[in-house]
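Notes to accompany the following structure.
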Amino acid sequence: MTQNTLKIPQHIAIIMDGNGRWARQRGLPRIEGHRAGAESVRAVVRACGELGVRYLTLYAFSMENWRRPKAEVNALMRLLEFYLQQEIPELDRNNVRLRAIGRLHELPLAAQRQLEKSIAALDDNTGLTLVLALSYGGRAELVDAMREIARKVKTGSLDIADINEEAIARHLYTRDLPDPDLLIRTSGEMRVSNFLLWQISYTEIYVTETLWPDFRKPQLLEAIAAYSKRQRRFGRVATSDES
Ligand code: FPP
């Protein structure tokens, strides 16, 4: 399949897994795997921009990740801050906008401040929107939405009869994003791991054995080629089977 015949997804979401295994295979500390993983982030963001993908959502830190050893959590937060600071000029050159979803108030203050600064610096851009999921959990997102909806019902600004799928979607962290077309998970695990539970109802899922630090533009193109061959039916029958 040539690049011209690829169907480019509007929104790609990625569970970036396998940094630890990549490091272990090389006898390196886990943080070296995360560092190499940050290089993959750089490469994949650039490639998505070049291909005309509109939204890229990366599962950078889950709520469950807080349970990792403190040293690893701290190292990941520092890496995130470093990335957010260092990448601004390149992201800006490539017309990338930045967003973040999750319980962002749980992040260390320095990371929160850097995140706000980077988002503001890239706010006028009109190309790819890079969405970082940080301290993110799909169930927590639904809990937060339900609380907000309940509060509105209680104060009378929302009628129970008006609670429908659109209303729920409007209360999620992703309220201004389309649902992902393609969800990629690296390193072979067949799990959704509490990522975008509501939003992936009709998303095509692609799992590769490749570990995240080895996932770069060629691997992204393979994923998009596989996606391009899928027939998305959204619960309907295939057009060729209609009779
Ligand atoms: C999973 O690998 C990866 C993470 C928990 C964190 C993802 C972070 C990065 C890619 C680097 C920094 C991010 C940005 C946005 C600059 P794992 O540690 O679970 O791997 P394992 O399952 O092999 O142990």
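Order of appearance sets the numbers: ligands from 1, and atoms from 1 within every ligand.
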Could you identify the single nearest non-hydrogen protein atom to atom 11 (C) of ligand 1 and state the distance to 0.1 Å? H34 O, 3.5 Å
Kindly identify the option in L80, L134, N65 whose heavy atom sits closest to atom 5 (C) of ligand 1. N65
Heavy-atom contacts with Y83 under 4.0 Å: which atoms of ligand 1 show up? List them by number with element. 16 (C)
Less than 4.0 Å is my threshold; does some heavy atom of R68 fall inside it relative to ligand 1? yes
Mark up the atoms of ligand 1 that fall under 4.0 Å of a heavy atom belonging to W212, in ascending order. 10 (C)
Closest protein heavy atom to atom 1 (C) of ligand 1, given as residue, atom name and distance to 0.1 Å: M16 O, 3.1 Å
Quiz question: by atom type and distance under 3.5 Å, do the side chains of W66 and S135 form a donor-acceptor pair? yes
So which protein heavy atom does atom 14 (C) of ligand 1 come closest to, and at what separation? V41 CG2, 4.1 Å
For atom 9 (C) of ligand 1, which protein heavy atom lies nearest, and how many Å away is it? N19 ND2, 3.7 Å
Checking contacts here: is it the side chain or the backbone of R30 that comes within 4.0 Å of ligand 1, counting heavy atoms only? Could be both or neither. side chain
of all protein heavy atoms, closest to atom 12 (C) of ligand 1 is L79 CD2, 3.9 Å
Among all protein heavy atoms, pick the one closest to atom 6 (C) of ligand 1 and tell me residue, atom and distance. A60 O, 3.4 Å
For ligand 1 and G20, I'd like to know whether there is a polar contact (N/O to N/O, distance under 3.5 Å). yes
I'd like to know if E87 contacts ligand 1, where contact means a heavy-atom distance under 4.0 Å to any ligand atom. no
Does the D179 side chain pair with the main chain of I200, one donor and one acceptor, at a distance under 3.5 Å? no
Under 3.5 Å, is there a donor-acceptor pair between the R97 and T129 side chains? yes
I need the nearest protein heavy-atom contact for atom 22 (O) of ligand 1: residue, atom name and distance, please. R21 NH2, 2.8 Å
Let me see the working for R26 and E32 under salt bridge (Lys or Arg N to Asp or Glu O under 4.0 Å), right down to the final yes or no. CA-CA 10 Å; R26 288 161 178 76; E32 290 305 324; over 6 Å; no
Does one hydrophobic cluster hold both L183 and L211, with members joined at side-chain heavy-atom distances below 4.5 Å? no
Please confirm whether D17 approaches ligand 1 to less than 4.0 Å, judged on its heavy atoms. yes
